[in-house]
Structures are given as C-alpha cells and as structure tokens.
Amino acid sequence: MHDTGTAPQSDPAEHPEGHSKHARRFGLPAATTLVMGNIIGGGIFLLPASVAPFGTISLLAFGLLTLGAICLALVFGKLAHQHPRTGGPYVYAREAFGDFAGFLSAWSYWITAWVSNAALAVAAVGYLDVLVPLGDSKFAMMLAALVVQWLPAAANFAGTRYVGAVQVVATVLKFAPLLLVAVGGLFTFSADNLGPFRADGSGAVGAVSASAAILLFSYLGVESAAVSAGEVRDPRRNVGRATVLGTLGAAFVYLLGTLSVFGNVPHDRLVDSGAPFSDAVNHMFGGTWGGTVVACAAVISILGALNGWTLLSAQTPYAAAKDGLFPSVFATKKRGVPTVGVLVTVVLASLLTVYNYTAGSDGVFEILVLVTTFTATVPYLLATAAQLYFLISGQSGRVDRGRLVRDGVLAALATGFSMWLVAGSGYAAVYQGVLFLFVGVVVYAVMSARRKRAAAA
C-alpha cells in the first residue's frame with residue numbers, strides 16, 4: 001500500500017459522525033433502499049422502448065449487465081468490510097494507489113453526481129407536465145426542474161434521519177406501480193407482441209453490444225451504500241448485504257418489467273412509444289389512465305433518486321476533504337450530512353439546468369449526461385483495480401485467504417464490467433470525460449501545492 005501520509009482513520013462504527021437527534025445511521029432496510037432507489041431513477045420508464053429496436057435479444061444484454069453489476073456489488077461489499085468509511089470507491093483507490101488516484105476517483109464521482117442530478121430533474125419535468133400541464137413555457141419548465149432539485153436538497157439539510165425516511169417511502173411508493181406491470185403484466189403477456197429476436201438485422205454480438213450501450217447507465221448506483229458507509233449502522237456487515245440486495249432488487253424490476261412491457265405492447269408500437277409503461281398499463285386494464293399513474297410513479301422515482309444522489313454527491317468530497325484532497329469547507333457536517341457539499345452540488349446542478357433551458361442547448365446537455373456514464377466508471381475501475389492489488393500483493397489484513405480464488409475471479413469480472421462501461425459510453429463521451437478529468441488534474445495540483453506549503457510553514 002502506498003503511504004498516504006495521514007493517520008489511520010477510526011472505524012465509523014465506533015465513532016458515529018455528526019451525531020444529533022437529526023442524524024440517524026441507516027439500518028439494512030434504509031441502506032438497501034438507498035441502493036435500489038439510486039439505481040432505479042427515471043430511466044426504467046423509457047428503457048423498454050429504447051432497446052425495442054434491437055429486438056428481444058436486448059434482454060440477453062440486460063442479463064449480462066445484471067451479472068456484471070452483481071459482481072461489482074460483491075466486490076464493493078468485500079472492500080467495504082475492510083474499509084467501512086464514508087467515501088466508498090475514493091477510499092479504496094486512495095488506500096491502494098495513493099492520493100492522486102483517490103482524488104481522481106472523488107473528482108470523477110462528484111462530476112457524475114451533480115450532472116446526473118440536473119439530468120434527473122429535467123427528466124422529471126416531462127412527467128410533471130402530464131400531471132400539471134406546463135404548456136410550452138420554458139420558464140415554467142425551468143422553475144419546475146429547480147423545485148425538483150431543491151426539495152431533496154431540503155431533506156438532506158434536515159439530516160440523515162430524514163434522508164433515510166424519504167428514501168424508504170419513495171422506494172416503496174414507486175415500486176408499487178412498477179411491480180404492478182412487472183408481475184401483473186405476466187398475466188396478460190402475449191408472445192405475439194414480442195417481435196423478432198434480432199430486429200435491426202445486425203449480428204448477434206453487434207445487437208447485444210448496441211443494446212448494452214443504451215442499458216449501461218441503468219446500473220449506475222451500485223456503490224451507493226459503500227459511498228455512505230460512514231452513515232450505515234454496522235457497515236462491515238450491512239454495506240455488503242445492502243449493496244447485493246439492492247442490486248438484485250433493481251435487477252428483478254428491470255428484467256421482469258422490461259419483459260412484461262415487451263409482451264403487452266406490440267413491437268411496432270413499442271419502438272415508437274414515448275411512455276411504454278403507460279401503454280402496458282392501458283393494455284392490461286383498458287382505458288387511458290395509465291399515463292397518469294406512470295407519471296406519478298416516475299416523479300416519485302426521480303425524487304427518490306435525487307434524494308439519494310444528493311447525499312452521495314456530498315459524501316465523496318467530504319471524505320476527500322477530511323484527507324486534505326478537497327477544499328476543507330467540504331468537510332463541514334451538520335445533522336450527519338455534509339451540508340456544504342450538498343449546497344455546492346445543488347447550486348452547480350441548478351446552474352446547469354438554467355443554462356440548458358435558457359440557451360436551448362439540448363445537444364450539449366445530452367452529451368453531458370452521456371459523460372456521466374464515463375465519469376462514473378472511473379471510480380468503479382479504480383476500486384476494482386484496488387481489490388485486485390490487495391489480492392495479488394497478498395496483504396494479510398485485507399485478504400480472506402480461504403476465499404482468495406473466488407474473490408480474485410469476482411474482482412477480475414468486475415474490472416471487465418467496468419471496462420465495458422467505459423467502452424459503452426461512446427467515443428464522444430470518453431473524449432468529453434477525459435477533459436473533465438484533466439481539469440481535475442489542475443485542481444489536484446493546486447490543492448497539493450497548498451498542502452505542501454502549509455506543511456512547510
């Protein structure tokens with residue numbers, strides 16, 4: 001392990017951070033719903049139509065992605081057992097490779113969080129328009145997007161006990177209609193609606209890769225419990241369990257929901273559908289009320305995802321600031337929540353949202369959303385590489401020798417999955433993402449120079 005020059009961190013299980021009546025550590029149910037809620041945002045409501053042009057072979061791609069995500073979840077659980085601290089992938093990368101790798105992990109994850117928050121808020125506006133017609137007013141849509149961002153931020157400012165409560169309620173409410181389609185749709189399932197196995201005429205490998213590229217973003221969030229390990233009760237035990245349970249729960253809804261929609265909406269209609277779950281509900285029960293129900297579920301889903309992502313967006317900078325790799329102001333914590341990190345994140349996301357609506361830069365905004373797929377995989381890749389480093393270097397304090405082979409295979413598979421995520425994000429996203437990383441290199445240089453000067457003073 002590289003010497004990071006800092007004192008060993010205390011076990012969060014012994015010294016709860018930010019303890020107050022408003023700060024309550026997440027138990028296993030809350031931590032599990034944090035993972036599920038962050039993985040399942042608003043994308044689930046559009047995914048079936050997005051992959052329908054490739055045919056039912058896209059379900060195979062979904063299955064492969066699910067296996068990769070579970071491998072990644074198991075690796076995070078192993079790492080969290082050894083390093084049960086707030087920061088997740090940042091902590092693992094820094095412990096293995098030193099300050100610079102840790103900073104790149106924290107920087108990339110932070111970019112992912114606040115850009116994704118802006119994207120989720122804008123996505124929510126489309127569903128809100130079904131419930132409360134906003135017309136074509138860009139000002140009204142912008143205002144609605146800002147409200148959607150600041151409501152979860154308010155829950156975070158109130159303290160971790162409220163974050164956990166909101167996450168549990170939002171996850172339960174949004175899962176009700178999703179499970180209605182996923183399970184209930186099987187009773188009205190018709191194989192005649194499935195369409196061809198390969199609909200685009202390409203080869204099997206090409207079709208799987210192309211559909212996987214669209215589906216890759218759907219599993220971002222598996223690291224949620226690990227990132228918030230310092231706020232989880234008994235993190236050595238619960239982080240790994242919550243990560244695996246949350247990923248399996250999300251995978252169940254994804255796969256079964258997509259299959260049910262495929263079997264309830266004729267393929268030629270599904271390809272052009274703007275609300276595939278609404279179409280599936282209309283087919284199941286008749287009428288046109290499905291759109292309203294799905295719109296409610298989508299808004300609740302996105303608010304829940306924003307609630308969790310807002311907390312995560314502040315946790316990694318908090319951990320890095322505690323180690324002197326981010327400005328010290330990010331280490332400010334009240335009621336168990338890094339409040340400065342939450343504030344800076346929601347302000348940046350709000351500015352990006354305002355820019356999107358005032359400049360009419362839809363194309364630029366979409367590119368930024370794709371960039372999040374790349375920036376999220378940087379900490380994934382560094383974390384899985386850290387596990388490989390711990391295993392191969394044979395560090396007795398970090399390796400379970402009785403399970404060395406199994407852990408090594410899981411780490412290798414998770415690393416391959418992370419590389420697939422990078423490749424699937426596309427050339428443009430990788431190009432833009434690398435530019436974001438290079439900006440981070442400059443920030444690290446400034447922070448490192450300031451620390452060295454302060455140490456010499």
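- Residues passing the side-chain hydrogen bond (donor to acceptor under 3.5 Å, both in side chains) test with T339: none are found, sequence neighbours excluded.
- In this structure, F100 has its ring center closer than 6.0 angstrom to the ring center of Y444.
- In this structure, the separation between NZ on K322 and CZ on F330 is 15.0 Å, given to the nearest 0.5 Å.
- Within the 4.5 Å cutoff, the side chain of T345 has no heavy atoms near those of the T310 side chain.
- Contact of the L348 side chain with the W110 side chain is registered, since non-hydrogen atoms from C-beta on lie closer than 4.5 Å.
- Atom CZ of R406 and atom CG of L391 lie 11.0 Å apart (nearest 0.5 Å).
- Side chain of S448 to main chain of A445: no donor-acceptor pair is present (N/O by atom type, distance under 3.5 Å, no hydrogens or angles).
- The shortest heavy-atom contact between T384 and A414 is CG2-CB, 3.5 Å.
- Checked by atom type and distance alone, the side chain of S105 never pairs as donor or acceptor with a backbone atom of P379 at under 3.5 Å.
- Judged by distance alone, with hydrogens and angles left aside, the side-chain atoms of Q149 form a donor-acceptor pair with the main-chain N or O of S350 at under 3.5 Å.
- Among all heavy-atom pairs drawn from T353 and A145, the shortest one is CG2-CB, 3.7 Å.
- Residue I70 forms a side chain to side chain contact (heavy atoms under 4.5 Å, CB included) with just one option from T243, V75, L248, L65, and that option is L248.
- For the atom pair CG (L64) and CG (L59), the distance works out to 11.0 Å, reported to the nearest 0.5 Å.
- Two residues are said to be in side-chain contact when any heavy atoms from C-beta on lie closer than 4.5 Å; F374 and T112 fail this criterion.
- Side-chain contact, T375 with S108: no donor N or O sits under 3.5 Å from an acceptor N or O.
- Nearest heavy-atom pair across L388 and G408 is CD2-O, 4.2 Å.
- If you take CG on L67 and CG on L413, they are separated by 9.0 Å, rounding to the nearest 0.5 Å.
- By the 4.5 Å heavy-atom criterion applied to side chains, R94 and L325 are counted as neighbours.
- Shortest non-hydrogen contact noted between A383 and Y92 is CB-CD1, 4.0 Å.
- Ring planes of Y380 and F76: perpendicular class, angle over 60° (limits at 30 and 60°).
- Every pair passing side-chain hydrogen bond (donor to acceptor under 3.5 Å, both in side chains) that includes a residue from residues 61-74 is listed here, sequence neighbours excluded: T66-Y219.
- Partners of W114 under the side-chain hydrogen bond (donor to acceptor under 3.5 Å, both in side chains) rule, at least two apart in sequence or in another chain, do not exist in this structure.
- Counting only heavy atoms from C-beta outward, the side chains of W150 and V347 approach each other to under 4.5 Å.
- Heavy atoms only, all atoms of each residue included: V148 and A121 are closest at CG1-CA, 4.1 Å.
- Partners of T377 according to the side-chain hydrogen bond (donor to acceptor under 3.5 Å, both in side chains) rule, which considers only residues two or more places apart in sequence or in another chain, do not exist here.
- Using a 4.5 Å cut-off on side-chain heavy atoms (C-beta onward), L146 and V354 make contact.
- Residues that satisfy the ring pair (Phe, Tyr, Trp, His ring centres under 6.0 Å) test with F417, not counting sequence neighbours, are absent from this structure.
- Between R451 and D99, at least one side-chain N (NZ, or NE/NH1/NH2) sits under 4.0 Å from a carboxylate O, which counts as a salt bridge.
- Counting only heavy atoms from C-beta outward, the side chains of V340 and V344 approach each other to under 4.5 Å.
- Between F390 and E95, some side-chain heavy-atom pair lies under the 4.5 Å cut-off.
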Checking V346 against N117 for the side chain to side chain contact (heavy atoms under 4.5 Å, CB included) test, could you report, in this order, the C-alpha distance in whole Å, the side-chain angles of both residues, the deciding distance, and whether it holds? CA-CA 8 Å; V346 74; N117 281 3; over 6 Å; no
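- In this structure, F326 and W107 have tilted ring planes: the angle between them lies in the 30° to 60° band.
- Taking F62 as the reference, Y254 meet the ring pair (Phe, Tyr, Trp, His ring centres under 6.0 Å) condition, with sequence neighbours excluded.
- The two residues L410 and L74 come nearest to each other via the heavy atoms CD2-CD1, 3.8 Å.
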